[in-house]
Visitor: 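What follows is a structure written as structure tokens; I'll ask about it next.
Labels below follow one simple rule: chain letters A, B, ... track the order of the sequence lines, proteins then strands, and each chain is numbered from 1. Owing to the predicted nature of the structure, the values given are computational and were not obtained by experimental measurement.
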Amino acid sequence: MPPPLLAVERLQTHFPTSRGVLRAVDGVSFTLERGEVLGLVGESGCGKSVTSLSIMRLVPPPGRIAAGRVLFEGEDLFAKDDEAMRRVRGARIAMVFQEPMTSLNPVFSIGDQIAGAVLAHAGGGRRAAWEHGVAMLDQVQMPSPRQRARDFPHQLSGGLRQRAMIALALASGPAVLIADEPTTALDVTIQAQILDLLRRLQAERGMAVLLITHDLGVVAELCHRVAVIYAGRIVEIAPVRSLFARPLHPYTRGLLQCLPHPSRFGQPLTTIEGVPPDLRQVTAGCRFAPRCVHVIASCRTTEPALEEREPGHFVACPVLR
Amino acid sequence: MSAVVGPETGIAVTPAVPAGAGVRRRTSFRAVFGLAVLLLMSGAAIAAPRIAPWDPGRQMLAKRLRPPAWQARGLREHPLGTDHLGRDILSRILYGGRISLGVGVSAVTLSACLGVSLGLLAGFHGGRTDALIMRVVDVFLAIPYILLAMGVVFALGPSLLNVILVMAVTRWVQFARIVRADVLSLREREFVAGARARGNRSLRLLLRHVLPNALTPIIVVATLELAFMIIYESALSFLGLGVQPPTPTWGWMLSDGRNYVATAWWLATFPGLAIMLTVLAVNLLGDWLRDTLDPRLRV
């Protein structure tokens with residue numbers, strides 16, 4: 001079997017605070033194959049975004065990557081010097097951010113910005129770069145791309161801006177796209193359009209996508225596999241069908257039960273009691289134990305490891321069978 | 001530009017925002033007025049040797065303190081009157097513009113380059129770089145700039161170049177502070193993070209993503225500083241540190257005329273008017289420039 005395109009191994013990212021070290025990401029491992037869409041799901045503050053920033057080595061100070069490796073095409077990204085890492089960013093691994101309103105430079109036209117991105121990595125002439133930018137806008141189904149390329153970000157709607165962002169990210173033909181909540185700031189119809197677009201571009205380009213979201217609906221739409229992350233750790237990772245059909249971790253079950261479902265029509269929505277643990281206090285045992293309805297004595301003392309229950313379906317819970 | 005697309009599409013288009021046209025007309029008026037005044041001023045200054053009616057240093061004691069031509073004792077050959085040594089005020093203003101505008105513009109340019117670079121550096125890098133630069137800024141703010149200028153000019157000698165250098169070196173903090181403050185917020189913006197994630201080098205991030213977004217306050221400060229520099233130069237001249245008399249400068253004429261303001265108002269009024277008009281023109285032009293450079297304000 002060929003090595004995966006991207007492998008994150010035992011990643012730990014810490015933020016020193018005045019009240020102890022905050023372990024935002026604490027031993028996360030997963031792989032991303034060529035052409036695969038992997039969802040990274042979890043609630044706010046569970047370490048999804050920090051994981052993606054760690055892969056890019058863009059963790060904002062004072063945060064730092066404390067341990068682990070990220071292998072991209074077999075090379076350890078953490079071992080690269082700054083210049084080599086800079087050449088990976090954008091060119092090989094690109095990112096799309098959540099907020100299309102503020103993610104584009106307000107003083108340049110979107111065509112200029114895409115051309116700039118092309119020039120930064122591929123070089124070539126300004127004219128060719130501009131034409132490439134127009135072609136990219138066309139690919140993300142921007143209406144009348146040639147005219148729109150001259151528009152400034154404030155002249156575009158949220159959905160069009162997100163399209164421009166995607167065009168910008170894909171301009172240099174990356175092998176991996178990290179999409180950090182790409183549809184969260186958009187309304188539902190635009191969300192659907194953007195998801196369609198991402199799916200189509202992913203399939204056309206054979207690009208791998210790491211999709212970070214808290215929206216299980218988006219996961220079901222787009223992902224091949226899902227990793228559920230809780231308090232800086234992956235608790236379950238499985239093919240999307242398997243996860244939705246037989247969630248094995250109590251947290252995943254809880255999340256799925258939070259969704260409205262026709263079979264539970266008329267009943268109040270369930271919630272998961274309690275709040276996530278303080279990531280500054282490291283406790284022994286399972287991190288979900290304080291909120292778990294299936295908790296047993298050993299949960300509070302030993303940290304469960306991920307084990308494969310079904311082909312490709314890993315879960316870090318020894319209790320649920 | 002865009003308001004008159006109606007006819008060729010064949011559809012009667014009423015401008016959605018009629019006020020928009022008004023805004024644009026006022027915008028271009030500001031630009032035209034500002035540019036015209038500035039061109040007139042600098043043109044007159046450059047052409048001074050050709051158009052000035054008198055040698056600016058020529059003293060005619062028989063005709064001292066004559067009012068402007070339209071006043072009772074005014075002389076036709078001295079349209080703006082003469083000063084206490086009988087020198088022609090119009091000629092002195094024309095010649096003075098060469099020094100005042102030249103020194104003002106070069107000092108502002110130099111101080112902007114210095115201040116903007118250091119401000120960018122401080123705001124963008126933060127940490128120790130920021131602490132170091134900002135402590136230097138504090139020192140400059142704490143020492144009276146005239147005192148600092150005096151020390152430097154005494155050490156280097158009062159030449160035109162030294163005066164410009166001193167003026168720039170004592171005023172760059174104005175730019176540094178404002179730029180740093182802007183950069184501090186800009187660097188946290190998502191588009192800067194995004195540009196970094198696309199593999200842009202720090203220098204490119206600074207010059208393409210941070211600096212253009214911080215241009216507005218820089219332009220505003222620069223226009224205000226130009227006015228300040230013209231006065232500053234006169235203060236230095238007054239202390240014997242700037243451009244030496246008898247070379248006329250607006251600032252020097254202004255402070256010189258101050259002694260006669262009760263009896264001969266024209267001595268201080270006309271150079272003052274020249275400074276005011278220049279500053280007004282620069283401000284209008286700066287305003288217009290700011291609006292034009294900011295795509296959000298473009299019609």
Side-chain angles (χ1 to χ4, degrees), chain A residues 49 52-53 55-62 82-110 112-122 150-155 161 164-165 168-172 174 177-178 180 185, chain B residues 1-2 5 8-9 16-17 20 116 120 122-131 179 182-219 289-299:
Chain A
S49 292
S52 67
L53 290 172
I55 295 170
M56 296 292 266
R57 273 181 41 197
L58 288 173
V59 181
D82 286 348
E83 180 58 24
M85 189 60 214
R86 192 191 64 73
R87 282 198 295 269
V88 171
R89 287 184 201 129
R92 308 292 297 135
I93 307 179
M95 274 185 101
V96 173
F97 291 96
Q98 173 177 350
E99 197 50 76
M101 294 298 159
T102 56
S103 299
L104 290 161
N105 190 336
V107 301
F108 291 106
S109 69
I110 55 169
D112 255 347
Q113 295 187 48
I114 300 174
V118 175
L119 284 174
H121 287 291
R150 295 185 200 287
D151 280 357
F152 288 90
H154 71 280
Q155 292 167 309
R161 275 186 228 196
M165 273 305 296
L168 190 54
L170 300 186
S172 45
L177 177 70
I178 300 177
D180 191 350
Chain B
M1 251 176 353
S2 57
V5 281
E8 69 228 43
T9 52
V17 193
V116 169
L120 279 176
F124 196 66
H125 278 279
R128 277 190 197 173
T129 321
D130 184 30
V179 169
D182 239 32
V183 171
L184 278 183
S185 74
L186 281 172
R187 70 168 184 186
E188 303 298 331
R189 297 274 293 274
E190 279 207 354
F191 66 86
V192 176
R196 197 186 283 283
R198 285 194 301 279
N200 286 291
R201 288 188 182 86
S202 288
L203 188 65
R204 197 180 153 78
L205 283 183
L206 263 184
L207 295 185
R208 194 175 153 91
H209 294 277
V210 176
L211 182 58
N213 281 289
L215 222 47
T216 305
I218 295 175
I219 291 171
L289 200 62
R290 185 197 63 201
D291 293 353
T292 311
L293 291 180
D294 190 336
R296 280 158 298 195
L297 299 176
R298 213 176 284 172
V299 185

Visitor: Give, as side chain, backbone, both or neither, the part of R204(B) having an atom under 4.5 angstrom from any heavy atom of chain A.
Guide: side chain
Visitor: Identify which part of D151(A) has an atom lying under 4.5 Å from any heavy atom of chain B, answering side chain, backbone, both or neither.
Guide: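 For D151(A), there is no contact with chain B at all, as no heavy atom is under 4.5 Å.
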Visitor: Let me confirm one number: the CZ-CD1 distance from R198(B) to I93(A), rounded to the nearest 0.5 Å.
Guide: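 Those atoms lie 15.5 Å apart.
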Visitor: Say whether, by atom type as modelled, one donor and one acceptor occur between the side chain of N105(A) and the main chain of R208(B) under 3.5 angstrom.
Guide: yes
Visitor: If you compare all heavy atoms of R89(A) against all heavy atoms of R196(B), which two are closest, and at what distance to 0.1 Å?
Guide: CD-O, 3.4 Å
Visitor: On a heavy-atom basis, which atom in R86(A) and which in G199(B) lie closest, and how many Å separate them?
Guide: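 Looking at all heavy atoms of both residues, the closest pair is NH1-O, 2.7 Å.
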Visitor: So for L58(A), is it side chain, backbone, both, or neither that comes closer than 4.5 Å to the heavy atoms of chain B?
Guide: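 The side chain, not the backbone.
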Visitor: Which region of L53(A), side chain (C-beta onward) or backbone (N, CA, C, O), has a non-hydrogen atom less than 4.5 Å from a non-hydrogen atom of chain B, or is it both or neither?
Guide: neither
Visitor: Looking only at heavy atoms, which two atoms of M56(A) and A197(B) are closest? And how far apart?
Guide: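 Heavy-atom minimum between the residues: CE-O, 3.3 Å.
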Visitor: For the residue pair F97(A) and G194(B), what are the closest heavy atoms and their distance?
Guide: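 Minimum heavy-atom contact is CE1-CA, 3.3 Å.
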